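The basis for the numbers below is simple: all heavy atoms, side chains too, and nothing from hydrogens, waters or symmetry mates. Letters A, B, ... are given to chains in the order of the sequence lines, protein chains preceding strands, and every chain is numbered from 1. Model, not experiment: these values are computed from the prediction.
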There are 2 protein chains.
Amino acid sequence: MATRKRMSPLAEQILEALEERGYRTTEPRRAVAQVVANQDRHFTAEELRQMLPGLGRATVFRSLKLLVDVGVLCRVLLEDGALHYQMSLRGHHHHLLCVECGISQDLTGCDIEDVLTQTSDRHGFELSGHWLEVYGRCRDCRSKEAVSA
Amino acid sequence: MATRKRMSPLAEQILEALEERGYRTTEPRRAVAQVVANQDRHFTAEELRQMLPGLGRATVFRSLKLLVDVGVLCRVLLEDGALHYQMSLRGHHHHLLCVECGISQDLTGCDIEDVLTQTSDRHGFELSGHWLEVYGRCRDCRSKEAVSA
DNA sequence: GTGGTAACAGATACTTGGGCTCAATAAGGA
DNA sequence: TCCTTATTGAGCCCAAGTATCTGTTACCAC
Ligand SMILES: [Mn+2]
Ligand SMILES: [Mn+2]
Ligand SMILES: [Zn+2]
Ligand SMILES: [Zn+2]
């Protein structure tokens, strides 16, 4: 029996989220959970794969899909069209993405729902969902420029 | 000299848009403009490629990128993540996408700009852009269901 | 604990949607 | 017409997955 490494509480939570849905706790999933829990930024599938060189490629992609499905990860669409993944608060939310440093901040309150409902109504549409990403410059990047200016 | 086919006014417009930016009018670009001008729905890169079997693959992708850059085409993100292209009104706009029949309707007035500015301000972000797709069911699909119900 | 079974992992091959390079060609201004 | 430069297309490469199949493992029942 291999000595089981101690996992971070966040990693444990991720595995619990899977267990709740009936998924088994396996060694590869433990490894994925541990790595994902340590990320403080969004990352690509390829980056995750490089952080887990021991895992099969298919397993990495399967895990990504699984974690998006159970709500542990969310997809983040960058302005250039690249798709990244990020630890997620559960539920519907959007992102403020800094085009300079790349940091992403979650927008939990979805303030645009009302506007969207009105607009949809005007066009005879029955609203069922939406996808929104917001791009700009974060506080840090702005203040850095202010100093150097 | 090959007999030059008469082009639709819309196709001519597309070529003019390219000329204005200093791009040359070539036979492949004429072909692309003609096909693109005839689409009344969004289409994938692959579909465009099949409509232009004589063109090199790279040329098709280059043309797509070019036409997006000059504002002739816009990218449309379907709910399943697939990327489509569509003739575009110039300038910033969004789409109402019917999840049933797939039709896309342009939203020209961007009503969410104000809300987004406020939200960004609250987070210290300087807003520079956003990406929004709205999903639902169109008037036609709704009324069809109402009849059969 | 053991055993059985369904879930899972990994290897491998395939697909989709592009991008890069480079030699050959063609557009369009002089 | 000539020259320069943009453009094309072949062929290769890459990212991001998916499908299939075989061997392994988690977990539950005993
Ligand atoms: Mn998120
Ligand atoms: Mn559009
Ligand atoms: Zn920033
Ligand atoms: Zn519809």
Side-chain angles (χ1 to χ4, degrees), chain A residues 1-2 4 7 12 14-36 42-70 73-86, chain B residues 1-2 4 7 12 14-35 42-70 73-78 80-86:
Chain A
M1 64 201 76
R4 184 144 297 161
M7 306 191 64
E12 304 271 14
I14 293 174
L15 293 174
E16 277 161 33
L18 291 178
E19 271 173 68
E20 269 167 41
R21 306 284 196 104
Y23 294 105
R24 293 183 180 175
T25 299
T26 66
E27 218 34 69
R29 283 180 185 162
R30 247 188 286 271
V32 170
Q34 190 62 71
V35 166
V36 163
H42 45 85
F43 50 88
T44 64
E46 181 57 22
E47 282 160 3
L48 180 62
R49 214 165 71 73
Q50 283 169 12
M51 291 185 274
L52 292 162
L55 295 202
R57 232 171 70 86
T59 303
V60 172
F61 282 109
R62 276 191 291 241
S63 300
L64 274 175
K65 193 177 181 197
L66 195 58
L67 292 179
V68 170
D69 285 352
V70 304
L73 289 181
C74 61
R75 286 181 228 265
V76 181
L77 187 67
L78 302 203
E79 213 169 13
D80 66 2
L83 187 63
H84 286 223
Y85 298 85
Q86 185 172 48
Chain B
M1 63 196 79
R4 184 144 296 159
M7 305 192 65
E12 304 271 15
I14 293 174
L15 292 174
E16 275 160 35
L18 291 178
E19 269 171 71
E20 268 168 41
R21 307 284 197 107
Y23 294 107
R24 293 183 181 175
T25 298
T26 66
E27 218 35 68
R29 283 180 186 160
R30 248 188 285 269
V32 169
Q34 190 62 73
V35 167
H42 45 85
F43 51 89
T44 64
E46 182 56 22
E47 282 160 2
L48 180 61
R49 216 164 70 74
Q50 283 169 13
M51 293 184 273
L52 293 162
L55 294 202
R57 230 170 72 90
T59 303
V60 172
F61 283 111
R62 277 190 292 239
S63 301
L64 276 175
K65 193 176 182 199
L66 197 57
L67 292 179
V68 170
D69 285 352
V70 303
L73 290 180
C74 60
R75 287 180 227 266
V76 182
L77 187 66
L78 302 202
D80 67 1
L83 187 62
H84 286 222
Y85 297 85
Q86 185 172 49

message: Counting the atoms with a prime plus P, OP1 and OP2 as sugar-phosphate, which does Arg29(A) contact under 4.0 Å by heavy atoms, base, sugar-phosphate, or nothing?
response: sugar-phosphate

- request: Remember a base hit wins even if backbone is also touched, and classify Thr25(B) as base, sugar-phosphate or nothing at under 4.0 Å, heavy atoms.
  value: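 Sugar-phosphate contact only - Thr25(B) comes under 4.0 Å of backbone atoms but never of a base.
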
query: Where is the tightest heavy-atom contact between Ala45(A) and Phe61(A), given as atom of each residue plus distance?
result: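 Shortest heavy-atom separation between Ala45(A) and Phe61(A) comes out as CB-CE2, 3.5 Å.
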
Should [X] and [Y] count as side-chain neighbours, where that means a heavy-atom distance under 4.5 Å?
X        : Y        : result
Leu67(B) : Leu18(B) : yes
Tyr23(A) : Val70(A) : yes
Arg62(A) : Thr59(A) : yes
Met7(A)  : Leu15(A) : yes

- request: Name the residue closer to the 5' end of DNA chain C, choosing between Ala58(A) and Ala58(B) according to the nucleotide with the nearest heavy atom.
  value: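 The answer here is Ala58(A).
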
- line: By nearest-nucleotide position on DNA chain C, the 5'-leaning member of Tyr85(B) and Thr59(A) is Thr59(A)

For [X] and [N], what is the distance between atoms [atom1] and [atom2] respectively, to the nearest whole Å?
X        : N       : atom1 : atom2 : answer
Leu73(A) : dG17(D) : CG    : P     : 12 Å
Glu19(A) : dC27(D) : CD    : P     : 7 Å
Gln50(B) : dG17(C) : CD    : P     : 10 Å
Asp80(A) : dA15(D) : CG    : C1'   : 13 Å
Glu46(A) : dA15(D) : CD    : P     : 5 Å
Phe61(A) : dT15(C) : CZ    : C1'   : 13 Å
Leu52(B) : dG9(D)  : CG    : C1'   : 14 Å
Leu66(B) : dG18(C) : CG    : P     : 15 Å

Arg49(A) vs dA16(D): side-chain N/O to OP1/OP2 distance below 4.0 Å: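 Arg49(A) to dA16(D) OP1/OP2: no side-chain N or O under 4.0 Å.
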
message: By nearest atom, which of the nucleotides dA9(C), dG9(D), dG17(C) is closest to the Thr26(A) side chain?
response: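 The closest nucleotide is dA9(C).
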
query: So, does the side chain of Arg62(B) form a donor-acceptor pair with the base of dG19(C) at under 3.5 Å?
result: no

query: Looking only at N and O atoms, is any donor in the side chain of Arg24(B) or the base of dT5(D) less than 3.5 Å from an acceptor on the other one?
result: yes

